[in-house]
Amino acid sequence: MPRFEVQTRERVVFVDITTQVAAEAARSEARDGVVIVYVPHTTAGVTINENADPSVRADLKLALERLVPQSLPFTHLEGNADAHVKASLMGSSVTVPLADGRLLLGTWQGIYFAEFDGPRRRHVLVSVLAAR
Ligand code: ZN
């Protein structure tokens with residue numbers, strides 16, 4: 001299974017992984033199909049959003065912090081309950097169409113690894129399913 005590592009450097013950060021995903025997809029024998037990007041973690045997720053203005057990522061961070069502040073009376077004893085909730089809000093996978101070996105992302109779209117309990121060393125799995 002193709003995979004790559006992401007070393008996050010903050011507790012909450014969105015890391016642009018579009019280049020790494022495109023590279024894994026390009027290495028595949030499949031030229032057309034779908035690419036599934038999967039994050040095997042419970043306090044991190046993956047999402048697709050704007051890649052042009054970095055303030056969009058800052059706004060995502062702000063909105064998630066307002067929706068799910070660390071100060072809520074959580075019961076999970078590890079102290080990272082907010083990170084688990086935020087990871088579920090983002091989801092653990094995204095699917096991108098593949099055409100002629102290239103990701104069919106929109107002009108302003110990028111794929112972001114969403115860290116909510118960093119800094120940590122994380123993994124991202126990339127599956128390429130060929131269309132017949
Ligand atoms: Zn936990």
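Given the structure is predicted, the values throughout are model-derived calculations rather than measurements. Reckoned from all heavy atoms, side chains included, excluding hydrogens, waters and symmetry mates. Numbers for residues simply follow the sequence, beginning at 1. As the structure lists them, so they are numbered: ligands from 1, and atoms in each ligand from 1.
To the nearest 0.5 Å, atoms NE2 (His41) and CZ (Phe113) are separated by 5.0 Å. Separation of atoms CG (Leu105) and CG (Asn51) is listed at 8.0 Å; rounding is to 0.5 Å.
Residues Leu103 and Val35 have side chains in contact (heavy-atom distance under 4.5 Å, counting atoms from C-beta outward).
Listed by first and then second residue, the salt bridge (Lys or Arg N to Asp or Glu O under 4.0 Å) pairs that reach into residues 61-89 are Glu10-Lys61, Arg11-Asp82, Glu65-Lys86, Asp82-Lys86, sequence neighbours excluded.
Partner of Phe116 under the side chain to side chain contact (heavy atoms under 4.5 Å, CB included) criterion, out of Leu89, Leu64, Asn80: Leu64 alone.
Taking distances strictly below 2.8 Å, the protein N/O/S atoms close to the Zn ion (ligand 1) are His76 NE2, Glu78 OE1, Asn80 OD1, His84 NE2.
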Assess whether side chain to side chain donor-acceptor pair (under 3.5 Å) is satisfied between Arg122 and Thr43, documenting all intermediate values. CA-CA 10 Å; Arg122 302 291 205 170; Thr43 55; 2.9 Å; yes

